[in-house]
Amino acid sequence: MKKTVTALAALFLAGTVTSPAIAESHMDPAVEAAIKARKAQMQLYAFNIGLLGGMAKDAIPYDADAASKAAANLAALSKLDQSRLWPQGSDNSALGEATAALPAIWAEGSDIMAKGMAFVEASAAMEQAAGGGLDSLKAAIGPLGASCGGCHKAYRQPKD
Amino acid sequence: MIRKVLSFLPFLAVAGLALFWWLTVPGRIDSARLGGLAGDPARGEQVFWAAGCASCHAAPESQGEARMVLAGGMAFPSPFGTFYAPNISPDPDRGIGGWTVADLANAMLHGTSPEGAHYYPAFPYTSYARAELQDIADLHAFLATLPASETTSRAHDVSFPFNIRRSLGGWKLLFSRPAWVTEATSPEITRGRYLVEALGHCGECHTPRNTLGGLDYTRWLQGAPTADGKGRTPAITPDKLDWSANDIAAYLATGFTPEYDVAGGHMTEVVQNLAHLPETDLKAIAAYLKTLPGGG
């Protein structure tokens, strides 16, 4: 029994001096799952915006029905409850490369909720606009992009 | 002999100082060139968005309509110290409400204040020097329609010797280059060049600088470290930015990349401005970028 404890302690100590890259794989599973899920959420935004943006830049032929469906998806996605996706400490200063989320999201004075609401509103406006003709869709895509940029400028680590 | 040379030294020193003084006189526009120019505020609004005035002169973190109050205050950390964007709202005392078209032209084309002092090149007059006088007159008319702010401009926090403004005359002698950087071969590319090289001042961030802060025109738009040294502004030459012209124009209008990610950093503000321009202008910028030679 004593031997087992010693062996375990040795293993534990070995673990603490390994590289940060390995430490990441020991991330709190709940935090790891939340990061995975929120990235997936962003992918779903991008997948639906991709159709709308493609139509807006004349790369995909305009189709009112398909545009409406994508915009309805986006509006529904924007309203999902996200409270479990953003646990305290799931920022890039704590976790490094695993996330681009800046600690400012959780800091005092953060306006992440207001910026998130701006996205919900821009998505709702797109849902109204998307089926109403290409010009109507084109007019809604800029404000939608601006609402995405609002959060990403303030709260995401810029890429090089 | 030595005594003779020594006796000349004071003369040489005075002559040298006089030469320095003469070489570093802040430049001004010949006011005859402004005769008869009437500003159109509606056209001026387009110049305002193309020149990105609000990106730096709106109060930091301001949103929506508040971005039209050009109270200043944004900080620009650099290797030479920290610069603060001044109040350029129409307030006659704290802003630039008392400026004439000639004052604005001297500021934008020569980096010279109404009092005849040099501005620091954090204000991108090296690019605005290529702007058309009519556009400056129109911009002047538009700026006058914006709300006034009583905010006092914050003094720059710049260390010796960069705090000697007269020395900027030497900087301008070395690094001012009002000529176009590239050849333009069609009306669309000429328009794109005007938007990129003059009003849009893209080169100020996307082109690397030498140790004295002058742009390295041999590496035009090939990407550069950010002024605060914390990140990089990407290359936008066709070898590095391989998006289609249509994708570039769409990005400038919406912020969406071809993968439907969005612009980050200061580019978010640039997109907010450019989104106000007609699609033809954004396509002209894209067409211009596609003509650039690649980097190494």
Side-chain angles (χ1 to χ4, degrees), chain A residues 39 41-60 70 73-74 77 92 100-102 104 109-112 114-115 117-119 121-123 126 129 134-135 137-160, chain B residues 49 54-55 58 60-64 66-67 74 205-206 223-235 240-241 243-280 282-283 286:
Chain A
K39 286 183 176 174
Q41 167 102 343
M42 296 291 172
Q43 284 294 320
L44 284 174
Y45 291 156
F47 180 66
N48 287 288
I49 297 169
L51 186 77
L52 300 164
M55 290 180 185
K57 67 183 174 193
D58 303 316
I60 300 172
N73 283 347
L74 182 68
L77 285 165
N92 72 336
L102 293 171
S110 163
D111 66 349
I112 187 94
K115 289 202 158 86
M117 274 314 293
F119 171 63
E121 284 161 18
S123 301
M126 176 56 91
L134 183 56
D135 286 343
L137 185 156
K138 281 186 176 181
I141 193 85
L144 180 62
S147 75
C148 298
C151 270
H152 284 209
K153 178 177 191 291
Y155 298 117
R156 181 175 66 169
Q157 178 70 36
K159 293 176 200 164
D160 280 348
Chain B
W49 294 123
S55 300
E61 302 300 314
S62 53
Q63 300 285 336
R67 293 185 56 76
M74 185 180 277
C205 293
H206 287 282
T226 51
D228 64 8
K230 287 183 187 158
R232 277 193 71 80
T233 307
K240 299 279 164 31
L241 184 68
W243 304 351
S244 73
N246 194 30
D247 283 346
I248 294 172
Y251 169 80
L252 296 175
T254 65
F256 287 123
T257 69
E259 292 80 40
Y260 293 92
D261 194 350
V262 287
H266 196 71
M267 198 61 198
T268 318
E269 315 233 11
V270 176
V271 168
Q272 274 182 19
N273 295 326
L274 294 182
H276 292 271
L277 296 186
E279 201 181 348
T280 48
L282 303 182
K283 292 208 156 140

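Source: prediction; values computed, not measured. Residue numbering restarts at 1 for every chain, and letters A, B, ... go by the order of the sequence lines.
Of the listed residues (B:Glu269, B:Met267, B:Gln272), the one with the most heavy-atom contacts under 4.5 Å to chain A is B:Glu269. Comparing A:Ala146, A:Gly145, A:Pro143, A:Ala56 by heavy-atom pairs within less than 4.5 Å of chain B, the highest count is held by A:Gly145.
B:His266 NE2 to A:Lys153 NZ: the interatomic distance, rounded to the nearest 0.5 Å, is 7.5 Å. For the atom pair OG1 (B:Thr254) and NZ (A:Lys138), the distance works out to 12.0 Å, reported to the nearest 0.5 Å. Note that the OG1 atom of B:Thr268 and the CZ atom of A:Arg156 stand 9.0 Å from one another [nearest 0.5 Å].
For B:Asn246 (side chain) and A:Asp58 (main-chain N/O), no donor-acceptor pair under 3.5 Å exists by modelled atom type. In this structure a side-chain-to-backbone donor-acceptor pair under 3.5 Å is missing from B:Tyr260 to A:Tyr45.
For B:Ala275, no part sits under 4.5 Å from any heavy atom of chain A, backbone or side chain. Both the backbone and the side chain of B:Asp247 come within less than 4.5 Å of a heavy atom of chain A.
Scanning all heavy atoms of the two residues, the minimum distance from A:Cys148 to B:Val262 falls at CB-CG1, 3.5 Å. The shortest heavy-atom contact between A:Lys57 and B:Pro258 is NZ-CA, 4.1 Å.
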